[in-house]
Amino acid sequence: MIKKFPIALVDCNNFYASCERVFNPKLWGRPIIVLSNNDGMIIARSNEAKALGIPMGDPLFKVKDIVKKHNVAVLSSNYTLYGDMSQRVMSALEHFCPDVEIYSIDEAFLNMEQYKGRNITDYCRYIRTKIRQWTGIPVSVGIAETKTLAKLANRIAKKNPELDGVLNIIESPKIDLYLKKTPVEDIWGVGRQYTKFLNKHNIFNALEFRDVNDKWIRKNMTVMGQRTLFEIRGIPCVSIEYSAPPKKAIVSSRSFGKVTSNLQDLKEAVSYFTHVASRKLRKQNSECHLLSVFLRTNPFKNEPQYHNGCMVQMPTPTSITSEMLKYAHQALEQIFKEDFLYHKVGIMLTGIVPKNKSQLSLFDEEDRMKLDDLTATVDEINLKYGRGTLFYASSGIKRSWKTKAELKSPRFTTNWEELPLVKAGETDYEVELKAIKTNFYYES
DNA sequence: TCTGGGGTCCTAGGACCC
DNA sequence: TCTGGGGTCCTAGGACCC
């Protein structure tokens, strides 16, 4: 049984769009959309863009007319910027409440137990104001006694401006109304498939869901569905995790800017992804003994399709890039077939174990200690002088597979060359964009 | 012309063991 | 000719999340 206490979910409003606005005030009031990697589909929208009916997840070309007509600002995603802004928001939150679970790049759960008996709603309003003041990012807060209900409250807070960004539903007399106003598809843990299923059985909102038989939910939606149901009833089933557990799987993959059927191109890409993935593995102090490589053609094209993967078991758990490269290339060669236009390759590391507990092989022919040292040195240099200072020759230098990002804003906060400049002596402060390109809005 | 990337957990079914 | 019962481990696939 999990203890009951007030939980506040702080969620950044339209996070990526808001990050862009912090450093480019001209974007205020203007509809903004942010694109996924490779400038593929829409993954974030400002309120103005939502109001225009631009859907999440659509590819850019589908909304081109709306974009033109309403002068929508279109941006490639700038994860360096968003990651840095996220850290600022999170450390500000920790300042106000030390017990924080950083749930995603733009969300955090706060354990408000120590503020019990005080006015939590007012305190959250204060936090919200401060976050805005310190980071420039607008947030909403939902307060309840389970994570699922806090999510639900947050959504209502966001949708109703008169609530001023904060809604506390603990012991609220209006709880049934709030549940009724929440369609099942907006419940945390209910996705597309379960929505279809529930709707088929005449369950359309969270209130109807709450009163359904839990054995029946268990049977049809597994224990996960049952957990969600209990949480909606106010019984906490999902606890707050204050530190991130080590990852059980690490993936690195990317769609190409241009398709290729060339094995050498694929090898270079796989090398690069191995480098990235193994770096993540070392960062969490783990090793792994399973390495998979996968590749695929573009499923949206009307062309011969091929999709395959290959998993190799490495004799000894390792996190040494050079060693993993060997297996990665072997795996790639096993599944590579000529005459297909490849659109994506990637690598996945599984069978992850903590480094110190790894089983050593008696017949290990590699000089592991030495390679460990070498790898650590490479990591250190890259940390100090920037990612990509040292890399493996097998990842190539031409990067013909490189992903597309033509509309990216500068790294305002993490690169000296790209800092925004503020012109002195002007009332309306004007930011001069020392941008790499000047065409980073989509205006044509 | 143009459609992301990185995770989690659960379950069923097969392989294997005694 | 007749052929049990119980357990573990692994994997693939499906659901979900941001």
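Residue numbering restarts at 1 for every chain, and letters A, B, ... go by the order of the sequence lines.
Looking at the side chain of Lys248(A), the nearest of the listed nucleotides dG4(B), dT8(B), dC18(C) is dT8(B). Candidate nucleotides dG4(B), dT3(B), dC18(C) were compared by shortest atom distance to the side chain of Ser255(A), and dG4(B) ranks first. Among the nucleotides dA15(C), dG6(B), dC2(B), the one closest to the side chain of Phe61(A) is dC2(B). Here dG7(B) is the nucleotide among dG7(B), dG4(B), dA15(C) with the atom lying nearest to any side-chain atom of Ile250(A). Among the nucleotides dC18(C), dC16(C), dT1(B), the one closest to the side chain of Lys64(A) is dT1(B). Checking dG4(B), dT1(B), dC16(C) against the side-chain heavy atoms of Gln193(A) singles out dC16(C) as nearest. Closest to the side chain of Arg254(A), from the set dG6(B), dC2(B), dG4(B), is dG6(B). Distance from the side chain of Met41(A) is smallest for dG4(B) among the nucleotides dG4(B), dG6(B), dT1(B). Here the side chain of Glu107(A) is nearest to one of dC18(C), dG7(B), dC16(C), namely dC18(C). If you check dC18(C), dG7(B), dC2(B) against the side chain of Tyr103(A), the one that comes closest is dC18(C).
Annotation for Ser172(A) and Tyr178(A): closest pair OG-CE1, 3.7 Å, computed over non-hydrogen atoms. In terms of heavy atoms, Ser140(A) sits closest to Asn154(A) at O-ND2, 3.0 Å.
Taking atom CD1 of Ile187(A) as the reference point, atom P of dC18(C) lies 13 Å away to the nearest angstrom. For Tyr82(A) and dG4(B), the OH to P distance is 17 Å, given to the nearest whole Å. When rounded to the nearest whole Å, the span between NZ of Lys283(A) and P of dG7(B) equals 12 Å. As a whole-Å value, the separation of Lys344(A) NZ from dC2(B) C1' is 16 Å. A straight line from CG of Leu75(A) to C1' of dG4(B) spans 16 Å, rounded to a whole angstrom. Atom P of nucleotide dG5(B) and atom NZ of Lys247(A) are separated by 18 Å, given to the nearest angstrom. The NZ atom of Lys196(A) sits 13 Å away from the C1' atom of dG14(C) (whole-angstrom rounding). The distance between atom CD1 of Ile102(A) and atom P of dT8(B), rounded to the nearest whole Å, is 17 Å.
A salt bridge links Lys147(A) with Glu101(A): the distance from a Lys NZ or Arg NE/NH1/NH2 to an Asp or Glu carboxylate oxygen falls below 4.0 Å. Using a cut-off of 4.0 Å between Lys/Arg side-chain N and Asp/Glu carboxylate O, Arg88(A) and Asp84(A) are scored as salt-bridged. Salt-bridge formation is detected for the pair Arg21(A)/Glu48(A): a Lys NZ or Arg NE/NH1/NH2 atom is positioned less than 4.0 Å from an Asp or Glu carboxylate oxygen. A salt bridge is defined here as a Lys NZ or Arg NE, NH1 or NH2 lying under 4.0 Å from an Asp or Glu carboxylate O, and Asp186(A) with Lys151(A) fails to meet this definition.
Aromatic ring pairs are classed by plane angle as parallel below 30°, tilted from 30° to 60° and perpendicular above 60°; the pair His201(A) and Phe197(A) is tilted.
Remark: aromatic rings of Phe96(A) and Trp134(A) are close, center separation under 6.0 Å. Proximity of the aromatic rings of Phe209(A) and Tyr194(A) is defined here by a centroid distance below 6.0 angstrom, and this criterion is not met.
Toward the 5′ end of DNA chain B lies the nearest nucleotide of Asn37(A), the other residue of the pair Asn37(A) and Pro246(A) mapping further downstream.
Across all strands shown, Ser77(A) has no heavy atoms under 4.0 Å from either base or sugar-phosphate atoms. Note on Asp106(A): only backbone sugar-phosphate atoms sit closer than 4.0 angstrom, heavy atoms only; bases stay farther off.
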Detail all sub-3.5 Å separations between protein N/O atoms and N/O atoms belonging to nucleotides 10-12 of chain B.
residue, atom, partner, partner atom, Å
dT11(B), OP1, Arg218(A), NH2, 3.4

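Within the 4.0 Å cut-off from OP1 or OP2 of dT1(B), not a single side-chain nitrogen or oxygen of Lys301(A) is found. Contact check, Asn298(A) against dT3(B): a side-chain N or O comes under 4.0 Å of OP1 or OP2. For the OP1/OP2 pair of dT3(B) and a distance below 4.0 Å, the side-chain nitrogens and oxygens of Ser36(A) include no atom meeting the criterion. Within the structure, a side-chain polar atom (N or O) of Lys280(A) is placed less than 4.0 Å from OP1 or OP2 of dG7(B). A close approach under 4.0 Å does occur between a side-chain nitrogen or oxygen of Lys151(A) and OP1 or OP2 of dC18(C).
dC10(C) is paired with dG13(B) under the Watson-Crick or G-U wobble criterion, all donor-acceptor distances under 3.5 Å.
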